[in-house]
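Below is one structure, written out as structure tokens, with a few remarks after it.
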Amino acid sequence: MPEAPRCRFAPSPTGYLHVGGAHSALANWLFARHTGGTFLLRIEDTDAERNRPELTENVLEMLRWLGLTWDGDPVHQSDRFDLYRQAADRLLEAGTAYACDCTPDEVQARHGERGGPPGYDGHCRDRGLVPAEGRALRFRVPDSGATGWTDLIRGEVRFEHANLEDFVLLRSSGAPTFLLANAVDDADMAITHVIRGEDHVNGTPKYLLIRGALGSGVPAFAHMPLLVNQGRKKLSKRRDDVSVADYRARGYLAEAMVNYLALLGWGPPDGVEVRPLAEIVDLFDLADVNPAPAFFDPQKLAHVNGEYIRALEPAAFVERAAPFVPPGEERAREALEALAVEVRDRVRTLAEVPELIDFLWRDEPDIDEAAWEKAARGKGAAEVLEGAIAGLSSIGAERWEPGAIRTVVEGAAVEAGLVNAEGRPQLAKAQAPLRVAVTGRAVGPPLFESLAALGPDRTLARLQAARARLP
RNA sequence: GCCCCCAUCGUCCAGCGGCCCAGGACGCCGGCCUUUCAAGCCGGUAACGCGGGUUCGAAUCCCGUUGGGGGUGCCA
């Protein structure tokens, strides 16, 4: 019986959680849940300069929101500097690391002079410098040979040592770099599978060299495809719309986001894309992941989100949409409940909900003038309004429901001459001026249900106001 | 520049030597349904980058090429 897999998501709190990070976290989570393994979280906060502690909470909150729960407590690298220094000492004693007093500027200047490949030139390799404050520690990469691994997604990958420069393990400040801390922690945490983005492929031989020098064995690697934008560039927080928190705020459901993310770089064997997470856990396999970069397509995300929204029970929809209508507004909540199903079936994000029903809680409809002009110019607009006003006035509050309203509007349509060849009322034409008059918009939930929810008094007042605007 | 990775419709995924003159999904276009808009249903559009091999047979294997991406920090 092989040891149970252990994997981890290791975000750096230099920014909020973005969809690329979520994609990589999801791959780890799916792998762990599928294999019955353990999914750990490690906060890589070794860079005091760029570290923003408050962002750690955003990352944790978003992972929780997505449902990507981790096992045990998150590990913070800032608490473990002793561990890294001990490892560095061992490498120093073994001669696989050496002190270096070159400044980054010097390294770059020498590169400028000599040309050729950038990176460190091994200047301090054999100077026998004693480690001290202000001196960095570098790894002595073997002159010959190569380091490689069998990537679970990419197959064989190899790097010639000749192409690897002596990289920094400890900064001159004494703080560990990502390369050292990452490798040491994975060994310490007994990580068996390193699942991360393709942008880490180039750092992997260095990781392997450190682990080899430390004699700590090696985990398996799976480098996930990067998520790219329309220009096929790696998603960037600066220019792309990638904040997970923003997607939540814009009315995307966590389960839809997770389902969509799972579809990037991977697809279920049976082709059923939108499905319960449990089934995805069941089907997911790293060996099936596509190594090519994948475009993060907001349109398809929206489609998947719409499917999830429509699958919600009415009551559940109301609960989840409630935060998107004016809070504390009793009429808003009532409006949501009154037209729950009609609205649910028409939105792709919860943020689209208020514009469909705001006419119910506003004192006056917010009239879209372009829509009004068009409807007012339509044939029989004034007659339909008048007929509706007269007919609806006589319905009475107790019989104010969609069916009765429809009957009145059909009658008004006939009287206004809006009939087809068979003499049937043309409701599409008749409802246009009524809809704009009452809701302010040209499109929205079904009209009769909308008027039923609005009630006779407000409906009639709005129809009369609209009629008054006509010549 | 150098190193590494990648390569099927516009996009995401399927295809792992014959079932493929390539299938599904999003998008787009058209139709049906219909009180608007959606949803739903039906139909259409559209791809194996190129060149060599290997093989009876290649989208599938190999080589090359072209194109794209990533890395190249005392960031992670």
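Throughout, protein chains are lettered first and strands after them, A, B, ... in sequence-line order, and every chain is numbered starting at 1.
Between R310(A) and K206(A), the residue anchored closer to the 5' end of RNA chain B is R310(A), taking for each the nucleotide with the nearest heavy atom.
Between the base of rC74(B) and the side chain of T177(A) there is no donor-acceptor pair shorter than 3.5 Å. Contact of D199(A) with rG71(B) (side chain to base): no donor-acceptor pair of N or O atoms is detected under 3.5 Å. For a distance-only test at 3.5 Å, the side chain of E198(A) fails to qualify as a donor-acceptor partner of the base of rG71(B). In this model, no side-chain donor or acceptor of R232(A) finds a partner on the base of rU11(B) within 3.5 Å. Scanning atom types as modelled, no donor and acceptor separated by under 3.5 angstrom connect the side chain of R154(A) and the base of rC5(B).
Between the CG atom of D166(A) and the CZ atom of R125(A) there is a distance of 4.0 Å, given to the nearest 0.5 Å. Atoms CG and CG, on L169(A) and L180(A) in that order, are 4.5 Å from each other to the nearest 0.5 Å.
Look at rG1(B): its Watson-Crick or wobble partner, with both distances under 3.5 angstrom, is rU72(B). The partner of rG30(B), taking Watson-Crick or G-U wobble pairs whose two distances both stay under 3.5 Å, is rC42(B). Pair assignment for rU11(B) gives rA25(B), based on Watson-Crick or G-U wobble hydrogen-bonding distances that are each under 3.5 Å. Across all strands shown, the partner of rG18(B) is rC56(B), judged by Watson-Crick or G-U wobble contacts whose two distances both fall under 3.5 Å. Nucleotide rC50(B) forms a Watson-Crick or G-U wobble pair with rG64(B), both donor-acceptor distances falling under 3.5 Å.
In this pair, H200(A) does not lay its aromatic ring on the base of rG71(B); centres under 5.5 Å and planes under 30 degrees do not both hold.
A donor atom on one side chain and an acceptor atom on the other are found under 3.5 Å apart for T204(A) and R196(A).
The same atom, P, is picked in rG44(B) and in rC2(B); the two are 49 Å apart, to the nearest Å. Taking atom P in both rU65(B) and rG27(B), the straight-line distance is 41 Å, to the nearest Å.
Side-chain contact between L277(A) and N259(A) is absent, with no heavy-atom pair separated by less than 4.5 Å. Here the side chains of F159(A) and V201(A) are in contact, with some heavy-atom distance below 4.5 Å. Side-chain contact check for W266(A) versus F284(A): some heavy-atom pair is nearer than 4.5 Å.
Side chain of E422(A) to backbone of R424(A): no donor-acceptor contact under 3.5 angstrom is found. Remark: side-chain polar atoms of Y308(A) are not paired, donor with acceptor, to backbone N or O of H303(A) under 3.5 angstrom. Of the possible polar contacts, one joining the D240(A) side chain to the S236(A) backbone as a donor-acceptor pair under 3.5 Å is found.
Put simply, R348(A) has a side-chain N or O that comes within less than 4.0 Å of OP1 or OP2 on rG27(B).
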Below 3.5 Å between N/O atoms, which protein atoms pair up with nucleotides 43-49 of chain B? Just atom names and distances, please.
none

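Applying a 4.0 Å cut-off to non-hydrogen atoms, the residues of residues 134-147 of chain A that approach RNA chain B are A136(A), R138(A), listed by residue number.
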